[in-house]
Amino acid sequence: MKLTHNLLFGAAVASLLVACGEKTTQSPLIETEIPERPAGQTDMIGFAAEPLDTVRVGFIGLGMRGPDAVERFTYIPGAKIVALCDIDSAKVEETQKMLDSRGVARAAGYYGSEDAWKQLAERDDIDLIYIVTDWKTHAPMGIYAMENGKHVAIEVPAATSLDEIWDLVNTSEKTRKHCMMLENCVYDFFELNTLNMAQNGLFGEILHTEGSYIHNLKEFWGEYWNNWRLDFNREYRGDVYPTHGLGPACQLLDIHRGDKINTLVAMDTKAVTGPAIIKENTGEEPEYFANGDHTMTMMRTENGKTIHIQHDVMNPRPYSRMYQLTGTKGFANKYPRAGYAFEPEQMDSTVVPDHENLSAHSWISDEQQQALTEKYTHPIILEVGNLAKEVGGHGGMDFIMDYRLVYCLRNGLPLDMDVYDLAEWSAMGPLSAISIENGSAPVVFPDFTRGAWNKINGYRHAYKK
C-alpha cells in the first residue's frame, strides 16, 4: 500500500491547526498506487471477441459449486464441456457420472496434483475456463488461463488483493481475452426487473443504493475444503465477500459507464463469533482472528451518489442481500420485504390501476406491484426465465448468468460484466481493510479503467441484432 503525500501533509496540517487552537474538518485520504498501463495495451471497455459457434469449456474446481455449474452447462445451447479438473479424483468421477445421466459425452479428466489444472489450461481445444475453486487460487488460475489464450470466468471474489486485481486487469488487456467474475446476484429476477425499471426512469435519479451479504454460515463451515473459508476470515480483515451486494448496486449507478466510485470508508465490530467457532470445532483458543463479525462500508461516487454495503456471515441473522435503491421519484427494496414505493406521476394508469392512490410514504399494493412487474419484466427473463427456473441454481439466477456468458461469446458481444467490474467489486475487500486498519480513514477507490470510466454512457446488456 502506498500512502500519498496528501495523507502525510493533511495529517501534519491538521495537527498544526489543532495545536494553534483552530478547528479543522480536513480528512486526509489514503491512496493506493495505480500502475501505469503497460506500453502497447488499451482498455477493454466495450470489448467484444470474435464470435464462437460453439463455446468449448473447461471447469476447474468440482467441490461445492463446480458440479452444479457443469450440469447447468448441459442445458445451454452451443456449449460443449471439454475438460474437468479437481485435486480429488472422486469429484471428477462424480461429475462424469452426472454427464452420463444427462446423456452428454464424458470430458477429459484432470486430478491428483495441485498443478493438474495447468494441463487443462494448456489445451488448445478450450475457449473458456470456468474457475470454481477457493478464493486464493482464483487470480493465479485466471491469469494463467488468459496467458494460454482462454477467456475466463472466475467465481466471486475473483481476487483478494489489489496486486492480484491489477494483474488480472493487465493480463486481460494484454491478451485481449474476456475476464469475467461469476456474480450471479445481478441476475436475480427482482434485481433484473428493478434494473429495467430504473433504466426506464421510474425511480427518477438514483441517489443511493445498498447491498450486503448477510448469511449465517454456521451449518456450512465444515463443508469448505481444508477449512479454507473460515481460515480466510481468520487471516483477513474487511469485507472479504462484497460482490453480491456491490454488483447490483454498481449496475444501478452505471459504475464505470458514466460514473465511478471515488472514496470508501469502512468499520467493523470486534471478532466474537469467529473465534468462538474455532474454539467449538477445535478446542483451540485462537490468539488472533482478523475479521470482525460485522463489517460496514460506505462509498461515494464522482456524481455524488452513495453506496452502503454490509457483511456478516457469523451471527444468527436472516439471510439478506439488502438490495435497496433510493431515487428522487421512487424506492425499491428486496429484503426483508420485496416491494416498491413511487410518486404517483411515475405510474401509468393503463398499467397500474388506482395509480393516483399511491404514496411515496408507503408500499404499492401487491396488485400494483404485479402489474408493474409484468410491464417491466426484463427481456432476459422473458427470453430464458422459465428455463432458468426449471434448471435452477439459486432460483434460476445461476443459469441465467451462465446462459448470458455463452450467449455473448457465441454472438461476439461485450459480456454483461467485464474485467473492470471484476476489479471494482473485488477491490472493496482489500480497500475496506485498509480503511479499518487506519482508524476508518477514507480511502481513494482506484480507477481500474485508468481514465476510461465515462467512455460508455449507462449500463446496458448487449443483444444480437
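This is a predicted model, so every value here is computed, not measured.
The main-chain N or O of Tyr376 is found under 3.5 Å from a side-chain atom of Asn196 such that the two form a donor-acceptor pair. Under a 3.5 Å cut-off, the side chain of Gln324 and the backbone N or O of Thr326 do not form any donor-acceptor pair. With hydrogens and angles disregarded, a donor-acceptor distance shorter than 3.5 Å links the side chain of Arg450 to the backbone of Pro35. Counting only distance, with no hydrogens or angles, the side chain of Asp418 and the backbone of Asp421 share a donor-acceptor pair below 3.5 Å. Between the Lys150 side chain and the Asn148 main chain, a donor and an acceptor come within less than 3.5 Å of each other. Between the side chain of Thr74 and the backbone N or O of Glu71 there is at least one donor-acceptor pair closer than 3.5 Å. The closest donor-acceptor contact from the side chain of Ser212 to the backbone of Ser320 lies under 3.5 Å. In this structure, the side chain of Thr377 engages the main chain of Thr373 through a donor-acceptor pair within 3.5 Å. Ser432 contributes a side-chain N or O that, together with a main-chain N or O of Asp239, makes up a donor-acceptor pair within less than 3.5 Å. Thr306 places no side-chain N or O within 3.5 Å of a backbone atom of Arg300 that could act as its donor or acceptor partner.
For the atom pair CG (Leu192) and NE2 (His461), the distance works out to 5.5 Å, reported to the nearest 0.5 Å. Here the straight-line distance linking atom CG of Leu253 with atom CG of Leu207 works out to 9.0 Å at 0.5 Å rounding. With values rounded to the nearest 0.5 angstrom, Asp254 atom CG is found 10.5 Å from Ile456 atom CD1. Interatomic distance, CD1 of Ile206 versus CD of Gln199, reported as 9.0 Å (0.5 Å rounding).
Taking Ser426 as the reference, nothing meets the side-chain hydrogen bond (donor to acceptor under 3.5 Å, both in side chains) condition, with sequence neighbours excluded. For Tyr75, there are no ring pair (Phe, Tyr, Trp, His ring centres under 6.0 Å) partners two or more places apart in sequence or in a different chain. Under the rule for a ring pair (Phe, Tyr, Trp, His ring centres under 6.0 Å), the partners of Phe331 that lie at least two apart in sequence or sit in another chain are Trp363. For the ring pair (Phe, Tyr, Trp, His ring centres under 6.0 Å) test, no residue two or more places apart in sequence or in another chain qualifies with Phe445. The side-chain hydrogen bond (donor to acceptor under 3.5 Å, both in side chains) search around Tyr323 returns none, not counting sequence neighbours. Contacts of Phe220 classified as ring pair (Phe, Tyr, Trp, His ring centres under 6.0 Å), with partners at least two apart in sequence or in another chain: His215.
In this structure the side chain of Asn411 never reaches within 4.5 angstrom of the side chain of Pro51, judged on heavy atoms. You'll find the side chain of Asn454 stays beyond 4.5 Å of the side chain of Glu302, heavy atoms only. Between Trp453 and Ile261, every side-chain heavy-atom pair lies at or beyond the 4.5 Å cut-off. Between Val186 and Asp416 the shortest side-chain heavy-atom distance does not fall below 4.5 Å. Side-chain contact between Lys334 and Thr194 is absent, with no heavy-atom pair separated by less than 4.5 Å. The shortest distance between side-chain heavy atoms of Tyr187 and Phe399 does not fall below 4.5 Å. In this structure the side chain of Arg404 never reaches within 4.5 angstrom of the side chain of Met180, judged on heavy atoms. The side-chain heavy atoms of Arg234 and Pro286, taken from C-beta on, include a pair separated by under 4.5 Å.
Counted by atom type alone, Glu122 and Tyr144 present one or more donor-acceptor pairs between their side chains at under 3.5 Å. Side-chain contact of Thr301 with Asp259: a donor-acceptor pair under 3.5 Å is present, judged by distance alone.
Partner His244 forms a side-chain contact (heavy atoms from CB on, under 4.5 Å) with one of Ile214, Val156, Asp188, Ile309 and no other, that one being Val156.
Aromatic ring orientation, Tyr130 versus Phe73: perpendicular (interplanar angle above 60°, classes split at 30° and 60°).
Contact detail for Asp268 and Thr295: the closest heavy-atom pair is CB-OG1, 3.8 Å. Of all non-hydrogen atoms in Met428 and Pro242, the two that sit nearest each other are CE-CB, 3.5 Å. Contact record, Arg321 with Tyr319: NH1-OH, 3.2 Å, taken as the closest heavy-atom pair. Summarising the geometry of Gly142 relative to Ile154, their closest heavy-atom pair is CA-CD1, 4.0 Å, with the distance given to 0.1 Å. Looking at every heavy atom in both residues, Pro446 comes nearest to Thr32 through CG-OG1, 3.5 Å. Heavy atoms only, all atoms of each residue included: Thr328 and Gly204 are closest at OG1-CA, 3.5 Å.
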Mind running side chain to side chain contact (heavy atoms under 4.5 Å, CB included) on Met417 and Leu422 for me, showing each step along the way? CA-CA 7 Å; Met417 296 172 281; Leu422 174 155; over 6 Å; no
Could you check Thr449 against Asp43 for side chain to side chain contact (heavy atoms under 4.5 Å, CB included), going step by step and ending with a plain yes or no? CA-CA 7 Å; Thr449 73; Asp43 66 69; 5.8 Å; no
Pair Thr297, Ser435 - check side chain to side chain contact (heavy atoms under 4.5 Å, CB included), show working. CA-CA 9 Å; Thr297 306; Ser435 176; over 6 Å; no
Could you walk me through whether Ile255 and Tyr459 satisfy the side chain to side chain contact (heavy atoms under 4.5 Å, CB included) test, starting with their C-alpha distance in whole Å, then the side-chain angles of each, then the deciding distance to 0.1 Å, before giving a yes or no? CA-CA 8 Å; Ile255 297 302; Tyr459 176 80; over 6 Å; no
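Residue pairs that meet the ring-ring contact (aromatic ring centres under 6.0 Å, His included) test with at least one member in residues 405-438, sequence neighbours left out, are His256-Tyr420. Counting only residues at least two apart or in different chains, ring-ring contact (aromatic ring centres under 6.0 Å, His included) contacts with residues 292-314 are absent. Within the structure, side-chain hydrogen bond (donor to acceptor under 3.5 Å, both in side chains) pairs that include any residue of residues 78-97 comprise Glu93-Arg106 (at least two apart or interchain). The ring-ring contact (aromatic ring centres under 6.0 Å, His included) contacts involving residues 164-184 comprise Phe47-His178, His151-His178, Trp166-Phe448, where partners must be two or more places apart or lie in separate chains.
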Taking distance alone, no hydrogens or angles, what donor-acceptor pairs closer than 3.5 Å link side-chain atoms of residues 54-63 to residues at least two apart or in another chain?
unit_1 : atom_1 : unit_2 : atom_2 : d
Arg56  : NE     : Asp125 : O      : 3.4
Arg56  : NE     : Asp127 : OD2    : 3.0
Arg56  : NH2    : Asp127 : OD1    : 3.0

Could you give the side-chain donor-acceptor pairs of residues 379-393 under 3.5 Å, partners two or more places apart or in another chain?
unit_1 : atom_1 : unit_2 : atom_2 : d
Glu383 : OE2    : Tyr403 : OH     : 2.6

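Salt-bridge check for Arg65 with Glu155: passed, with a basic side-chain N closer than 4.0 Å to an acidic carboxylate O. The pair Arg72-Asp402 counts as a salt bridge, with a side-chain nitrogen and a carboxylate oxygen less than 4.0 angstrom apart.
Both the sub-6.0 Å distance and the 45° axial angle are satisfied by Arg229 relative to the ring of Tyr241.
Counted within 6.0 Å of CE on Met267, heavy atoms from surrounding residues, nucleotides or ligands total 12 or fewer; the atom is thus considered open.
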